[in-house]
Amino acid sequence: MTESIPAALRPDAFHADLRAQFDTFLDDHRAALDASLDGLTEEQARRRLVPSATTLLGLVQHATFVELVWFDEAVTGRSRAEIGIPDTPDESFRLAPDATIASVRAAYRAACAASRAAAAGLGLDDVVTGNRRGPLPLRWIYLHLLRELAQHCGHADILREQIGVSSARPT
């Protein structure tokens, strides 16, 4: 039964140390966004239902960009060109003609794994210097990513509802 409950809502997470709580909440949001593609056809995943370029597949592709900006660019100092990502967030929603649910999910999962690895040796108060905003503590990056992923999970829920598919997240 606990498998359907997000890890952040399980009793063992309530009193974990702050870093463990951040990691748990972040991974719950990552999993929820990934799950937003569950049960969709390729057409449904690409369907534009709002005036912007936002689609379910585009949201997950954008989340890949976000992971790479905050845990590769910011931590390693590599440029976006070196990482192979667009210059702007808006560009990160644009899907290549050959993008599929499987390919976008694979890239997202790889980016999340790389993010976990990049942050593993850092403390929440450690400062990373590769972001365009300048030096930032890892704590700020976690909070920013949690805010952004929560927002995009909400977008995904609404888009799934518009498509006529129930939410991928447990209630």
Side-chain angles (χ1 to χ4, degrees), residues 1-40 44-45 49-50 52-75 83 85-86 89-90 92-93 95 99 101-120 122-126 128 131 133 136-163 165-171:
M1 179 72 167
T2 58
E3 297 83 39
S4 65
I5 300 170
L9 300 178
R10 295 182 195 148
D12 59 319
F14 298 164
H15 303 287
D17 67 61
L18 186 59
R19 174 60 182 268
Q21 289 180 342
F22 275 178
D23 285 331
T24 300
F25 270 80
L26 193 53
D27 279 341
D28 276 358
H29 283 76
R30 287 169 171 153
L33 193 56
D34 186 325
S36 73
L37 298 174
D38 287 353
L40 299 180
Q44 288 172 321
L49 299 163
V50 293
S52 72
T54 304
T55 65
L56 283 161
L57 196 59
L59 276 173
V60 177
Q61 180 174 279
H62 170 71
T64 303
F65 166 83
V66 169
E67 293 280 347
L68 293 170
V69 164
W70 291 108
F71 289 103
D72 191 335
E73 181 183 38
V75 173
I83 298 167
I85 58 175
D90 287 345
S92 71
F93 283 92
L95 296 167
I101 292 171
S103 69
V104 170
R105 270 187 153 157
Y108 182 55
R109 290 171 181 172
C112 291
S115 294
R116 285 183 205 97
L122 300 173
L124 291 175
D125 294 323
D126 287 347
V128 299
N131 186 264
R133 289 176 175 85
L136 295 166
L138 183 65
R139 176 187 319 269
W140 188 92
I141 291 170
Y142 267 71
L143 290 169
H144 176 76
L145 209 62
L146 282 167
R147 181 192 59 80
E148 183 150 350
L149 290 178
Q151 179 181 17
H152 292 323
C153 285
H155 294 145
D157 284 346
I158 291 167
L159 291 173
R160 285 182 65 90
E161 185 177 325
Q162 288 179 312
I163 290 169
V165 179
S166 66
S167 175
R169 290 194 274 176
T171 55

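For the single chain, residues carry numbers from 1 onward in sequence order. Values in this document were obtained by computation on a predicted structure and should not be read as measured data.
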Out of curiosity, [X] [atom1] to [Y] [atom2], how far, rounded to the nearest 0.5 Å?
| X | Y | atom1 | atom2 | result |
| --- | --- | --- | --- | --- |
| R30 | H152 | CZ | NE2 | 13.5 Å |
| L59 | C153 | CG | SG | 9.0 Å |
| L57 | L159 | CG | CG | 11.5 Å |
| S115 | D72 | OG | CG | 8.0 Å |

Please test R139 against D126 for side-chain contact (heavy atoms from CB on, under 4.5 Å), starting from the C-alpha separation and ending with a verdict.
CA-CA 8 Å; R139 176 187 319 269; D126 287 347; over 6 Å; no
Show, in sequence, the C-alpha distance, side-chain angles and deciding distance for L143 and E148, and conclude whether the side-chain contact (heavy atoms from CB on, under 4.5 Å) test is met.
CA-CA 9 Å; L143 290 169; E148 183 150 350; over 6 Å; no
Shortest non-hydrogen contact between F71 and A119, atoms and distance:
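Heavy atoms only, the tightest pair is CE2-CB, 3.9 Å.
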What are the two closest non-hydrogen atoms of T64 and A107, and how far apart are they?
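For T64 versus A107, the nearest heavy atoms are CG2-O, 3.8 Å.
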Of all residues at least two apart in sequence or in a different chain, which pass the side chain to side chain contact (heavy atoms under 4.5 Å, CB included) check with Q151?
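Checked Q151 against side chain to side chain contact (heavy atoms under 4.5 Å, CB included); matches are R147, H155.
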List the residues meeting side-chain hydrogen bond (donor to acceptor under 3.5 Å, both in side chains) with R19, not counting sequence neighbours, and say none if there are none.
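Here the qualifying residues are D23, Y142.
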Is the side chain of T54 donor-acceptor paired with the backbone N or O of V50 at a distance under 3.5 Å, no angle test?
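Such a contact is absent between T54 side chain and V50 backbone.
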Working note: W70 + W140, criterion side-chain contact (heavy atoms from CB on, under 4.5 Å); need CA distance, chi angles, decisive distance, verdict.
CA-CA 10 Å; W70 291 108; W140 188 92; 3.4 Å; yes
State plainly whether the residues D157 and R160 are in salt-bridge range, i.e. N to O under 4.0 Å.
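No, D157 and R160 are not salt-bridged.
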Run H29 and L146 through side-chain contact (heavy atoms from CB on, under 4.5 Å) and show every step you take.
CA-CA 7 Å; H29 283 76; L146 282 167; 4.0 Å; yes
